[in-house]
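In what follows, a structure is listed as structure tokens, so that the remarks can point back to it.
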Number of protein chains: 4
Amino acid sequence: MSVSPSKPVMVTHLCTGESEAKRQQILTGAKAVFAAHGFEGASMSAIAREAGVSKGTLYNYFANKCDLFAAFVEKNCREKLEVLAPVQKLSLSPEKTLTALAREIIRLIISPESLMLYRIIVSEAPHFPHLATTFWQSGPKRAIETLSGWIEGQVAQGTLNVDDPVFAAEQFFSLCQTRIAHRKRFNMPFDNEAEDEEKVIHAAVRMFLAAYGVKPSEAPAAD
Amino acid sequence: MSVSPSKPVMVTHLCTGESEAKRQQILTGAKAVFAAHGFEGASMSAIAREAGVSKGTLYNYFANKCDLFAAFVEKNCREKLEVLAPVQKLSLSPEKTLTALAREIIRLIISPESLMLYRIIVSEAPHFPHLATTFWQSGPKRAIETLSGWIEGQVAQGTLNVDDPVFAAEQFFSLCQTRIAHRKRFNMPFDNEAEDEEKVIHAAVRMFLAAYGVKPSEAPAAD
Amino acid sequence: MSVSPSKPVMVTHLCTGESEAKRQQILTGAKAVFAAHGFEGASMSAIAREAGVSKGTLYNYFANKCDLFAAFVEKNCREKLEVLAPVQKLSLSPEKTLTALAREIIRLIISPESLMLYRIIVSEAPHFPHLATTFWQSGPKRAIETLSGWIEGQVAQGTLNVDDPVFAAEQFFSLCQTRIAHRKRFNMPFDNEAEDEEKVIHAAVRMFLAAYGVKPSEAPAAD
Amino acid sequence: MSVSPSKPVMVTHLCTGESEAKRQQILTGAKAVFAAHGFEGASMSAIAREAGVSKGTLYNYFANKCDLFAAFVEKNCREKLEVLAPVQKLSLSPEKTLTALAREIIRLIISPESLMLYRIIVSEAPHFPHLATTFWQSGPKRAIETLSGWIEGQVAQGTLNVDDPVFAAEQFFSLCQTRIAHRKRFNMPFDNEAEDEEKVIHAAVRMFLAAYGVKPSEAPAAD
DNA sequence: CATGAATGAGCGTTCATTCAT
DNA sequence: GATGAATGAACGCTCATTCAT
């Protein structure tokens with residue numbers, strides 16, 4: 001029942017590197033099964049089969065189903081949601097920055113893996129309180145922080161007029177979820193997804209700037 | 001999993017009323033168990049026990065677990081989500097109307113039963129596509145229609161300036177989900193929920209009017 | 001289940017001493033686990049952990065669980081039960097000798113380790129017939145032989161009148177098990193264990209001498 | 001796979017009669033498997049197979065393995081050990097009464113079912129403290145009470161001279177376990193079991209009377 | 001129509017044993 | 001010689017579903 005941490009020493013030797021590889025192999029199998037059936041619906045047998053290992057091996061790496069599930073969520077949150085950061089570095093005009101950011105946020109939110117994680121974490125939040133925090137901190141929190149940091153910079157430059165940058169960031173995040181994110185989460189069809197995406201982005205930016213932008217004449221030029 | 005329409009047809013025979021009562025009794029038990037354990041985690045035995053009927057009776061009224069689940073979702077969506085409509089009838093000023101509406105939307109969204117339905121439907125959306133539609137049409141769609149209808153009226157009156165009322169309504173709906181709804185869905189704690197609620201409401205209305213309101217001087221007085 | 005003699009032969013090679021030490025180390029771990037959980041309830045993993053060796057090493061020293069169990073029983077029977085002998089060497093009066101012997105027998109029987117061995121061997125006797133013999137010969141048989149030898153000496157001296165010394169010894173052994181041993185084996189509580197012990201000893205000696213003693217006037221003085 | 005229940009006509013009604021029959025059917029299967037493999041070694045699957053029912057049915061009647069085991073022990077203790085009582089009613093001489101009683105005690109102790117129960121209860125006493133009490137009260141305690149009651153009567157009649165009848169009864173009980181019972185519990189062979197039995201009986205009675213009997217001249221005649 | 005005993009596949013988990021390193 | 005990762009059968013137990021009453 002030992003779960004070897006086997007910190008990936010990797011490099012030169014052969015000995016314990018295999019463990020980490022198998023751990024990832026198991027987590028890959030787990031992802032497929034948890035994604036398709038949720039926590040309760042996934043069976044350890046199915047995960048073992050999918051991962052190409054025996055059930056015994058599963059339990060050599062993860063003490064029980066809950067632990068495996070937690071590891072799966074952590075791994076996937078880290079891998080999938082930590083993609084946002086670099087966008088704001090570009091010193092574009094507020095409008096162009098927000099537009100680029102909105103596009104990235106939407107793309108991230110509606111990616112199949114994010115949807116899968118959202119589904120599974122929302123549904124298990126009452127039973128696995130810690131996992132929701134993991135998800136939140138890997139994704140939404142990070143996006144909000146990034147955006148609120150950028151907002152603060154803009155306020156300092158006089159290009160935005162915001163008294164609570166964190167809350168404003170959360171509002172922008174909410175606006176980016178208009179229509180598309182909700183429908184995707186409900187698995188509902190679209191008439192024209194690409195068009196909707198542009199509309200959501202444009203309308204979110206427009207509304208945000210209508211509320212928080214300074215009058216064009218007062219703002220310093222950018223871009 | 002196929003969802004078949006197992007609702008007993010209202011035939012002209014003797015015990016129709018009694019049957020319907022028992023049906024509701026079963027659905028009440030089902031609600032408690034599905035709410036607590038989700039679809040996979042709920043057992044038909046537990047539902048029968050909770051409802052105070054035998055398992056055989058359960059299967060007389062619902063062909064299988066999937067059907068019972070579908071009926072439970074439908075019933076609860078209808079009962080819980082159809083609460084919104086009457087608010088906009090009051091002919092208040094746009095600001096007051098939107099404020100009242102936002103408060104109602106938030107209260108509805110974060111009510112325990114709505115959260116439970118949201119969780120369960122989002123998580124089962126891939127397996128029960130029809131249920132998501134039921135939920136959507138009972139709740140969000142209705143709210144959006146109500147709001148967009150009111151918006152159209154305001155546009156006609158010259159108090160709002162909106163080119164796509166449905167989309168604007170969706171945006172408002174998104175804004176109402178800032179912070180509180182997301183955190184509730186993730187079961188995350190609040191520092192000060194009541195304060196946040198006021199903030200969300202006020203900021204949503206302010207942002208919406210900043211984007212879609214006409215200049216005060218142009219708008220007709222109300223309230 | 002077959003019990004094969006897996007004790008490593010004392011070959012002339014280098015590491016014999018080390019091997020024997022590790023063998024004892026394993027048996028020490030095995031004792032803790034078998035004592036606590038019995039044969040079926042003990043797991044080889046637990047024994048390996050308790051002994052501080054790997055499972056592979058376990059199987060280098062013992063071919064399988066049955067063999068390890070057999071070795072554990074043998075070792076512990078030898079160590080625990082071979083404590084009785086020296087008492088009868090003292091040439092006390094029959095009454096004092098029997099009293100001393102009874103006290104030793106009772107103390108031995110109700111020691112935690114003897115109880116553990118008794119439990120485990122009685123319960124596994126049908127599956128490991130050889131082990132019961134090991135136990136019997138290490139403990140009860142030895143005690144009976146010791147006592148019957150002493151009885152024969154007393155008969156020769158005219159202080160006892162016994163026609164079947166072995167059977168008489170077995171009777172005395174049985175009398176020593178009155179109340180205390182049976183209750184201990186059933187894990188039943190005592191009101192006053194020390195008092196019971198004195199009573200059992202005294203009554204066993206009295207009854208034995210009533211049956212097999214010669215009249216005081218006829219017996220040679222001792223002590 | 002179901003064994004025809006062979007409907008027990010059962011009193012007047014039909015409803016719960018079948019249940020008790022199946023319960024006994026299960027306990028019969030459980031007896032075979034527990035007797036052969038002990039508590040840990042018995043599997044619920046094997047018991048179900050032996051009893052001719054499905055595993056699900058097993059769990060409809062007994063909540064878990066421990067409960068089933070407890071029920072098995074209780075049933076068998078009651079059935080097997082409650083056989084002793086009537087012997088002492090005969091008003092024979094002390095010698096003949098004790099002889100008859102000793103024979104019954106020995107026969108009972110060495111019956112295969114009693115041995116099986118003894119084995120299983122001694123081995124599980126640490127884990128199931130209650131069961132030992134059940135066994136003790138069904139068998140040994142009852143035998144001791146019966147015997148001590150008879151002893152008290154003899155003391156009143158002046159045919160025995162005993163100050164602690166309960167303890168004397170326990171001694172007699174111990175004497176009856178000389179040789180045969182111990183060897184049977186260890187599954188050890190006999191040279192001549194029938195002869196040994198007579199010897200044990202005769203020697204137990206002789207020793208008991210040597211210790212507790214009054215001189216023949218003082219005792220009232222009986223038989 | 002209502003019941004609940006019966007089913008057996010499937011669940012999460014453990015374990016004696018093997019074998020490449 | 002020592003290791004512990006890997007195995008897969010077996011464990012105790014649950015559950016959706018059926019059907020005789």
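Just so it is clear, the model here is predicted, and its values are computed rather than measured. Note on naming: letters A, B, ... go to the chains in the order of the sequence lines (proteins, then strands), and numbering restarts at 1 for each one.
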Could you state the [atom1]-[atom2] distance from [X] to [N], rounded to the nearest angstrom?
| X | N | atom1 | atom2 | result |
| --- | --- | --- | --- | --- |
| E20(D) | dA5(E) | CD | C1' | 15 Å |
| K22(A) | dA20(E) | NZ | P | 14 Å |
| M44(C) | dA2(F) | CE | P | 15 Å |
| R49(D) | dA10(F) | CZ | C1' | 11 Å |
| D67(A) | dT13(E) | CG | C1' | 13 Å |
| Y59(D) | dT7(E) | OH | C1' | 15 Å |
| H37(B) | dT14(F) | NE2 | C1' | 14 Å |
| Y61(D) | dT7(E) | OH | P | 9 Å |

Per nearest nucleotide of DNA chain F, the residue lying toward the 5' end, F39(D) or L58(A), is L58(A)
Of G41(D) and S54(A), the one whose nearest nucleotide on DNA chain F sits closer to the 5' end is S54(A)
With under 30° as parallel and over 60° as perpendicular, where do the rings of F128(A) and F39(A) fit, or are they tilted in between? perpendicular
Open item on the list: Here's one to test your reading of the geometry: is the NZ or CZ of K22(A) within 45 degrees of the ring axis of Y61(A) and under 6.0 Å from its centre?
Closed with: no
Checking N1-N3 plus N6-O4 or O6-N4 for Watson-Crick, or N1-O2 and O6-N3 for wobble, each under 3.5 Å, the partner of dT21(E) is dA2(F)
The Watson-Crick or G-U wobble partner of dA9(F), with both key distances under 3.5 Å, is dT14(E)
Compute the ring centroids of F62(D) and F69(D), then answer whether they are less than 6.0 Å apart.
no
Whether the side chain of [X] and the base of [N] hold a donor-acceptor pair under 3.5 Å is what I'd like checked.
| X | N | value |
| --- | --- | --- |
| N60(A) | dA5(F) | no |
| K65(C) | dT17(E) | no |
| N64(C) | dA16(E) | no |
| K55(C) | dT17(E) | yes |

Comparing nearest nucleotides in DNA chain E, the 5'-proximal residue of the pair S45(C), T57(B) is T57(B)
Result for 5'-nearest mapping on DNA chain E, choosing between S43(A) and G56(B), is G56(B)
Interatomic distance, CG@N187(C) vs CG@L131(D), rounded to 0.5 Å, equals 11.5 Å
* Which part of the nucleic acid does A42(D) contact within heavy-atom distance under 4.0 Å: base, sugar-phosphate only, or nothing? -> sugar-phosphate
#### Entry: H37(B) (side chain) donor-acceptor with S43(B) (main chain) under 3.5 angstrom
no
